[in-house]
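What follows is a short report on a single structure.
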Amino acid sequence: MKKTFIYLFMISIAVTIINCTPKTKSKQQGALNASAAEKVYVPPGEHDDFYAFVSGGFSGQLAVYGLPSGRLFKIIPVFSQDAEKAWGYSEETKPMLNTSFGHIPWGDAHHPDISQTNGELDGRWVFINENNTPRIAKIDLTTFETTEIIEVPNSAGNHSSSYVTENTEYVIAGTRFGVPVPQRDISIKEYKGNFKGALSFLKVDPEEGHMDLSFQILMPGFDYDKAHPGRGKSHGWFFYTTYNTEEASTLLEVNASQNDKDFIAAVNWKKAEEYIKAGKFKTMPTRYAHNIYDEETHTATTKWGKEVRVLDPAECPGLVYFLPTPKSPHGCDVDPTGEYIVGSGKLSADVTVHSFSKMMKAIEEKKFTGEAYGIPILDFETVNAGSVKQAGLGPLHTEFDDKGHGYTTFFISSEVVKWKVGTWEVIDRKPTYYSVGHLMIPGGNSRKPFGKYVLAMNKITKDRYLPTGPEVTQSAQLYDITGEKMELLLDFPTVGEPHYAAGCPADLIKSKSKKIFKLEENKHPYVAKSAEDVKVVRNGNEVHIYMTMIRSHFSPDNIEGIKVGDKVYFHVTNLEQDYDVPHGISMIGANTSELLIMPGQTESFVWEPKQVGVWPFYCTDFCSALHQEMQGYVRVSPKDSDIELSWSLGDE
Amino acid sequence: MTKPKIMMVSGAVIILTLFLFPLWNITLEAPQYPTPLGMDIYIYKFADTHPHDIKNINLMNHYVGMQEIPETIPEFKIFPIVIIFMALTGVLIGFFKNYKWYLGWFIIMSVLACTGIYDFYLWEYEYGHNLDPKAILKFTNPDGSVMGFQPPLLGSEDILNFRVHSYPQLGAFFLGAGILLCLFAYITSKKNQKNTLLS
């Protein structure tokens, strides 16, 4: 018996080897891979077809890639200090990281979304949320720089953010954690009924893109996980997935997973506008930072918000409805027509789809099965349009192509599944490597998707790349989705953890990309535009140096009369007006980063000399053939010295 | 109005387009300038082909000790006066004088144009050879003499890492056309005169 078993076992191994070996080989070296390489090959000097703005996750930044090549072009500093670009270090950008908690040097960036007009990408701005200290940032796509960060009060774990309505009327921010609103000293055990979840609506100025905290809806203390705006017929609505409708405050992995169904909250924001107009709001005192970077002064300033208008859904009939959705849904996505709302129950094997028309009908016919905190709960069967059955394990996020297909990621089974909108049948599935979170089709959350590629973003890579110690990279994978079956084309590392991305045809942005800042438009209070403006001014122990830089010298480059204990401000203007000629500056012993100054821009850093001596500074960006000569000296004398301030360049 | 008269008057008027269009263009190409640097020369100013080109040409040129391209030169005062004067006399001649005056105008205008080109050459020579003795980079010709950086008067040439192009522009073509039109006015008018005499 034992012998027979061993015999059978050996046969089965042999069969496995015979079967598997050639297959694996052809998979890795077949003609298919050669054509995949061609599809992502962008010859030297040629441009990619798409920009991809990939969230930097816990790096706090936003990375700019080209697709299909997967080449990294830039990391835009947003919520974290970046010594390379002096972001959060220079005097001009320090205020960008101001919050009601003080200067916060790090953030957890999540969901980038590109501004839209008529439901289509317009390539003007990217908005992105910070999860830990709730904030929303705006990145200008002419400069590829963060130009605004607004803090979101009454919120904690700013996760169901930062999505735009179809004319960028609002960018929205929802809280993941229920918290006492306003914050107060209260036992955590009193969570249920006392903690709230604020959904925030930030009005966007159509010209400048400035954000304004217009109002908040104070929802029950569920966890608001993800969100998407309605579009087309459902324009005017916003949908949020919730979990922890159990309102647990401890061991959530168990206690928030008890209800068979949680909700998708459907919020009628046009109705909210009406209630605001009718004065149905309460004004709550609060405090939040609103930081704006001005392109002409090249300087950020902080304004403090002091109050917020709040709507209570229990007192505003027709404002919010709950759509029961199994089972702790995560992703909340709306198809390009605006008819279908997709909730991915991350503990389920199915993807649940609700119908907007059915929802409207159910509301009209009052098909409610109950209510939660005064908010009507709609009958599941009445609003449900269908579900993608047994498609995989752990559905998370869905994007859409332009041919009526949905693409959903499955975290647990590590795959992307393509299905048909309307019939809910699965058409194709492809593995990801590994544990895919978000996915992105350029324009895939707008009315007009560009269904050429899907980019899947993986949390775990294990053996996919050369090992780099215990911490290995996260990654993105590019699939061709032009055919019936998806085809894996490319696999590339990402910066930080890539929560979501936003993609856009390159032509929409590249011609608008700025080359220089115009020197004549520079309104920095310490600008030096010519030799006459160059000076060194003492004001007590504060010294301000008005300095210029141009290939290949600083002016002045010799400074004397600085004393130990002085606070020396270097205000440096790059006089270049040529594309791609930044200069840098760094000073030995300065307790800050270098500056990297773009043509026409002024930036400042502070140096507090502690030792007597002659100390050099130099250009940190290899700017020209004489870059190594681009340097200067500052003489530092004792505190009680009477050496007069003087400065010079050349033989003056 | 006779045909030659119309030709004479319009020829004289056409040269006024020199106030609208550049006379000449110098363009510098180099690998690190995928958009080349260029300067348009009008009868009254130097202009950037793309914003800040002249500033960037000066920045390049300071490495080899060339002087900056001046904001203005005396010619920018003289040329416009000459052109306005010649256009005005041309129109008056067209209306009130006979065809022999046409020839006179043609000769004077041609001489003036040639003088202008010669003046341009002199300016270019000065610009390309008046080098700062403390120049950062010094280059010598194979014979040991100091290398000059004079752009060509007409045509294309390699100067260090740059390929330099120097070509007439719309203004120059209109000037040429205007002058030629006046010459044709003379020829046609003279022919007509003969025909009248014969018949």
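Because the structure is predicted, anything quoted here is derived from the model rather than measured. Every chain is numbered from 1, with letters handed out A, B, ... down the list of sequences.
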Assess the pair [X] and [Y]: is the distance between their ring centroids shorter than 6.0 Å?
| X | Y | value |
| --- | --- | --- |
| A:F492 | A:Y65 | yes |
| B:F21 | B:F174 | yes |
| B:F46 | B:F76 | yes |

Looking at chain B, which one of A:R551, A:K518, A:K515 has the largest number of heavy-atom pairs inside 4.5 Å, strictly under?
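Of the candidates given, the most pairs with chain B belong to A:R551.
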_A:K514/A:E145 salt bridge by N-O under 4.0 Å criterion_ =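 A salt bridge is absent here (no side-chain N lies under 4.0 Å from a carboxylate O).
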Quiz item: Quick one: what part of B:H50 sits under 4.5 Å from any heavy atom of chain A, side chain, backbone, both or neither?
Solution: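 For B:H50, no heavy atom lies under 4.5 Å from chain A.
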Chain A contact via B:L37 - side chain, backbone, both or neither, heavy atoms under 4.5 Å:
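Neither the backbone nor the side chain of B:L37 comes within 4.5 Å of chain A.
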- For the residue pair A:F570 and A:F605, does the interplanar ring angle fall in the parallel (under 30°), tilted (30 to 60°) or perpendicular (over 60°) class?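 Answer is parallel, since the angle falls under 30°.
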Name of the residue among A:K510, A:R71, A:K452 meeting salt bridge (charged side-chain N to carboxylate O under 4.0 Å, His left out) with A:D48: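 Single pass found, and it is A:R71.
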**Prompt:** For A:F73, does the CZ atom have more than 12 heavy-atom neighbours from other residues, nucleotides or ligands under 6.0 Å away?
**Reply:**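 Yes, enclosed.
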Residues in residues 575-588 of chain A that sit under 4.5 Å from chain B, counting heavy atoms only: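 So far as heavy atoms go, A:L575, A:E576, A:Q577, A:D578 are the residues that approach chain B to under 4.5 Å.
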